[in-house]
Amino acid sequence: LEPGVVPSVYQVLVEEYVWDGDAVRDNWHARPMTEEEKTNKIAEAMAQPHPNGWVFDEEICAWRPDLTAPGTAPDVIG
């Protein structure tokens, strides 16, 4: 894994130890979550407290404000 690279929402970091000459170094890479891991992560995130009226966004695996509700910023601005 390149320095500074962050895995996506549904990826897991995996650490391996690799011989580099006479030394051992860490080698990190990201792998996709299994369906079971993804299902568990979504269930855990959905169980978190959140303000009334917020919707769960599976793409980011988090609660967010419902911007389609009347009186929200897009309605006021546009």
From [X] [atom1] over to [Y] [atom2], what is the distance, rounded to the nearest 0.5 angstrom?
{"X": "Tyr10", "Y": "Ile60", "atom1": "OH", "atom2": "CD1", "value": "9.0 Å"}
{"X": "Lys41", "Y": "Met46", "atom1": "NZ", "atom2": "CE", "value": "14.5 Å"}
{"X": "Asp57", "Y": "Asp66", "atom1": "CG", "atom2": "CG", "value": "11.0 Å"}
{"X": "Arg31", "Y": "Met33", "atom1": "CZ", "atom2": "CE", "value": "8.0 Å"}
{"X": "Glu59", "Y": "Arg64", "atom1": "CD", "atom2": "CZ", "value": "9.5 Å"}

Quiz item: When you look at CD of Glu44, are more than 12 heavy atoms from neighbouring residues, nucleotides or ligands closer to it than 6.0 Å?
Solution: no
Quiz item: Taking atom CD of Glu15 as the centre, does the number of heavy atoms from other residues, nucleotides or ligands within less than 6.0 Å exceed 12?
Solution: yes
Check [X] against [Y] and note the closest heavy-atom contact, atom names and distance.
{"X": "Val9", "Y": "Cys61", "result": "CG1-CB, 3.4 Å"}
{"X": "Pro7", "Y": "Leu13", "result": "CG-CG, 3.8 Å"}
{"X": "Gln11", "Y": "Ala30", "result": "OE1-CB, 3.7 Å"}

Quiz item: So His50 and Trp63, would you call those rings parallel, tilted or perpendicular, with 30° and 60° as cut-offs?
Solution: parallel
Exercise. State, yes or no, whether a side-chain contact exists between Tyr17 and Asp26 at a heavy-atom distance under 4.5 Å.
Key: yes
Practice problem: Check whether Trp54 and Phe56 end up in the same hydrophobic cluster, where Ile, Leu, Val, Met, Phe, Trp and Tyr are linked by side-chain heavy atoms less than 4.5 Å apart. | Solution: yes
